[in-house]
Amino acid sequence: MSRIGVFICHCGENIGGTVDCEKVAETAAKYPGVAYSVDYKYMCSDPGQNMIKDAIKEHKLTGVVVAACSPRMHEPTFRKAVSEAGINPFLCEMANLREHCSWVHLKDDSTTEKAEELVKVLVEKVKRNQPLEPIKVPVTKTALVLGGGIAGIQAALDIANSGHKVIMIEKSPSIGGHMSQLSETFPTLDCSQCILTPRMVEVAQHPNITLYTYAELVGLDGFIGNFQASIKLKAKSIDHDICNGCGDCIAKCPIKKIPDEFNAGLGTRTAVYVPFPQAVPNKPVIDRENCTYFTRDGKCGLCAKVCTKGAIDYSQKDEIITIDVGAVVVATGFDIKGTDFFPEYGYGRYKDVITGLQFERLASASGPTLGEIKRPSDGKVPQNIVFIACAGSRDPAKGIEYCSKICCMYTAKHAMLYKHKVHQGKASVFYMDIRAGGKMYEEFVRRAIEEDDVNYIRGRVSRIYEKNGKLIVKGVDTLLDAYPVEIEADMVVLATAGIANEGSEELAQSLHISYDQHNFFAEAHPKLKPVETNTAGIMLAGACQSPKDIPDSVSQASGAAVKVAALFSKDELTRDPLIAYVNRCGPPTYSTCVGCFLCVSVCPYLAIEKEQIKDRNGNLIKEVAKINPGLCQGCGTCVALCRSKSIDIYGYSHSQVFAEVMALFNERSLENV
Amino acid sequence: MQELHNKIKSILENGSASLFIAYQKSREGKITPTFITKPEQSQKAYFGDDCKQNLAVYIHKQEVKNFGKVGIFANIYTLKSLLQIYAENQIRDDYLKVVTINPNGAIVEFANFMEIENYVNENKPAPNPEDMERVEKLSNLSREERWDYWLNELSTCIKCYACRAACPMCYCTKCTVDCNQPQWISTPSHSLGNIEWHIMRAMHLAGRCVECNECARVCPMDIPLNLLTVKLNDTANIEFGQQAGLKGELDYALSTFKVDDKENFIR
């Protein structure tokens, strides 16, 4: 006979203001199997928890229903309390009287009635609860970091410095990411490369970090603590063990007109190349899509002739390696919209309408103009420059309704850098709002406006067109009573929206993590779990989650690293045993599972595999489904699909759910059928 | 017919099967299945347009499995069923010898399921126009009218489960209706229990039914049960481009999703 204890929480006024908690406790006391029922102001407080513990001992309770807030809030609290009183924590359940009842209904008798029914349902469930033990799974203490930008670098270094192995993979030939392309950084105007390159070198030298550049993740199997990553190492066509990075091959390469990705298309590079002077590793790769040797059947071969070390190896093949890792940090970064996205700004036709990232390269000492601001069309120094913030961002009509976050700040920085380099030049900024939330950010923008005399115009630009070698920028000043503004500019910089990388949807699918409508990866909870994903063991860092500046990316990366380090601090993981299992019964059936395996494809976590039941001589009796307890997240999709009800789920069994539903039925509702 | 007899005889003689399942015709003209174990019995086998039963239903029986390698004479629906249950991992290629007679009257013996797949796709049976007409008619009714129609039809059900016994896709060792911990589907043949049972049966066959129509044919109360599954199949085909019994590998609309699904909610 069950002896259930029911504990009704007022949650101050949260529940007590709408629901007659005393009455609910009185009614609950009359439910069959309820041995004790009481209400209290704050059940989660120490005295509240002690009430539960004392009642368990005094009334010899076999199960506990706490009717309070959402189990997402306090289930761990109450489960711990009951286990301290000596009963299995999984014999305690919560009825959600707050989110499911008091918060969504007005004060009324029917609200109290609903609360009573919610309690009744949970009493019926707890009567059928089984004591469960947490599952233990081993942990591989190696982390995989996807992406070698600043977020990936920070996460890798933090994890490596806490004593764990890190595998970092980067798809381009060098780590560094977007930060290596930046000229100077807000709000301090320190040189981006000067602060970044020491970190890049540290990654390369760290004994705990294995770096694979020119590599891509092709698949991830397994589960938290036990992932298997398949990584494609693209053929570099150069043996990096032999190459000394002298650069002779680069000097001799006849293919020189390839648009340079590092310079955002403003410069050119050769087919055998190192992306930038401080690249890590500072050894070239051959871009097979553009190299004559590969595009024209073995013609050329100049690099191999000049290489004194004999490091060039055209026969290298892409290689796929598999590595066991326990956690993954996704730090794959972001991309920006190109100027061709904007019909009103010339569809990318005007050479002197450039993106913010291109301006970074113009302003950078390592850029195509060696840091001089020269416009791409004729190399002249622009005397009148216009910056347009929110190019695409905050524009539902263009499909990018979010704020790209970094543009206000870098636009102020760009204007400032321009003024520092072209003293007599005129800089104007069209903006919607200035969003300068951050330490020293507002002061930085004020400095641009007040000290560097940048002309800030609040309003949007409707059109840009070319006339007599000038770019005519037609906009409006909304602070001057919507007065039209027209500027004859030499160059226009669009602060184009930050967007998710191409292929991020496919990557999310291969990682089994969720993503939002803009293909940015989704965090597990927007406030309380901002670095975790919904898939246990996979964390997010940096702008792959949403556009972020450097400090935000670095902070999140460190946060992700701590999550990984915490995961690796134990040899075994424990997790809730609320998972599905395939039933077993006596011979000759052994299991009611008939092995149709329709459930295999329905499982979003790839947790279902085939198992052979054999007799003691090793003869196959039957093949049935088996659920991997490490992978199963207890979502119950397979339970719903299984025709023969051969799959059940601990903690939410068929008999429990059935009893809950039946508890809500009364004679009247059955008569209607 | 002689050719068929010779084929069965040779299959049993050369040991590629120790049991052959075929049709036979009684003196009264009744078509029943026959289980031939000796080569000299092979002249019992019969084939004609009146051979409607879906013999694939016997493949799951333990008594049949005990024979090891089994031969079967299959009409086109039996072939589709075999293909579907093969996709659902219920039979093995090397334990089955399948024989059919093609539209030109020639005997065809299949070496493997790949060949069955090709044959079935070349000889896809056309949907029964009468059934399609009735489905169409029902679809045009209002929801209430349709509900009343089925309430009325299903009220006569006596829960004999002949529909389940005749269906090659109903191969579960323990049917949901037999689960009594808890008792999801009530067993008495009152209207609640009848509706629960038939909705469940139809849903379990959605996208798996090969439209052999055995369920309707065997129903002693003449309930047109096949219309439910035919309609569901039609929906699976229109919405997800999935058809049962045409592929040797699993393609089940209810357990898969496609990244390029036209509905956006899936993304």
Side-chain angles (χ1 to χ4, degrees), chain A residues 124 128 505-506 508-510 514-519 522 583 585 587-604 608 610 612 620-625 637-638 640-648 653-662 665 669-673, chain B residues 60 62 65-66 84-92 95 147 151 164 167 169-186 190-196 200-208 242 244 249-260 264-267:
Chain A
E124 286 305 314
R128 289 158 181 82
E505 192 174 1
E506 289 75 22
Q509 282 160 358
S510 64
S514 29
Y515 50 99
D516 66 18
Q517 71 266 41
H518 303 292
N519 293 349
N583 72 16
C585 50
T589 318
Y590 297 96
S591 167
T592 61
C593 172
V594 283
C596 70
F597 299 117
L598 297 185
C599 53
V600 171
S601 57
V602 88
C603 177
I608 304 181
K610 293 182 183 181
Q612 298 189 325
L620 179 67
I621 297 171
K622 76 193 284 192
E623 252 189 338
V624 296
T637 316
C638 57
L641 186 85
C642 181
R643 295 192 303 275
S644 56
K645 304 257 175 278
S646 302
I647 311 181
D648 211 343
S653 67
H654 288 300
S655 61
Q656 286 174 308
V657 175
F658 192 80
E660 287 185 66
V661 175
M662 293 317 281
F665 274 122
S669 58
L670 276 173
E671 269 167 21
N672 292 337
V673 185
Chain B
H60 311 293
Q62 194 56 47
K65 281 186 181 166
N66 289 345
Q84 181 67 22
I85 51 187
Y86 173 69
E88 294 180 10
N89 198 47
Q90 299 302 306
I91 31 176
R92 277 171 59 185
Y95 273 75
W147 178 245
L151 269 188
R164 181 178 74 180
C167 178
M169 296 308 143
C170 277
Y171 50 74
C172 290
T173 323
K174 191 176 185 186
C175 179
T176 301
V177 78
D178 299 327
C179 290
N180 53 8
Q181 292 286 339
Q183 182 84 50
W184 290 101
I185 311 284
S186 55
H190 53 50
S191 44
L192 171 69
N194 287 356
I195 287 172
E196 282 181 343
M200 184 206 84
R201 198 191 80 88
M203 279 313 293
H204 283 182
L205 288 166
R208 297 173 62 237
Q242 184 237 311
E249 52 186 71
L250 203 56
D251 177 21
Y252 182 44
L254 292 185
S255 74
T256 46
F257 76 97
K258 294 191 172 116
V259 179
D260 55 356
N264 243 332
F265 74 88
I266 203 105
R267 301 170 87 82

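All chains are named by letter (A, B, ...) in the order of the sequence lines, taking the proteins before the strands, and each is independently numbered beginning at 1. This one's a predicted model, so the numbers in the text were calculated from it and none came from an experiment. All heavy atoms count here, side chains included; hydrogens, waters and symmetry mates do not.
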Inspect the surroundings of CH2 in B:W184 and state if more than 12 heavy atoms from other residues, nucleotides or ligands are less than 6.0 Å away.
-> yes
Rounded to the nearest 0.5 Å, how far does SG of A:C599 lie from OH of B:Y252?
-> 11.0 Å
Where on A:L641 is there a heavy atom nearer than 4.5 Å to chain B: the side chain, the backbone, both, or neither?
-> side chain
So do the side chains of A:R643 and B:R208 get within less than 4.5 Å of each other, counting heavy atoms only?
-> yes
Decide whether A:S601 and B:S255 meet the rule of one side-chain donor and one side-chain acceptor closer than 3.5 Å.
-> yes
Please tell me if the side chains of A:N583 and B:K174 come closer than 4.5 Å, counting only heavy atoms from C-beta onward.
-> no
From CG (B:L250) to SG (A:C596), nearest 0.5 Å = 8.0 Å
Do B:H60 and A:V594 have side chains that get closer than 4.5 Å, going by heavy atoms?
-> no
Please round to the nearest 0.5 Å and tell me the distance separating atom CD of A:E623 and atom CD of B:Q90.
-> 10.0 Å
Heavy-atom distances under 4.5 Å only: say whether A:Q517 touches chain B with side chain, backbone, both or neither.
-> neither
Portion of B:L254 that has a non-hydrogen atom of chain A nearer than 4.5 angstrom = both
With a 4.5 angstrom heavy-atom cut-off, could you sort out which part of B:Q62 is near chain A: side chain, backbone, both or neither?
-> neither
Side chain, backbone, both or neither of B:C175 within contact of chain A (heavy atoms, under 4.5 Å) = neither
B:N89 side chain near A:K610 side chain, heavy-atom distance below 4.5 Å = yes
Can you tell me how far CD of B:Q181 sits from NZ of A:K645, rounded to the nearest 0.5 angstrom?
-> 14.5 Å
Name the region of A:T589, side chain, backbone, both or neither, that has any atom closer than 4.5 Å to a heavy atom of chain B.
-> side chain
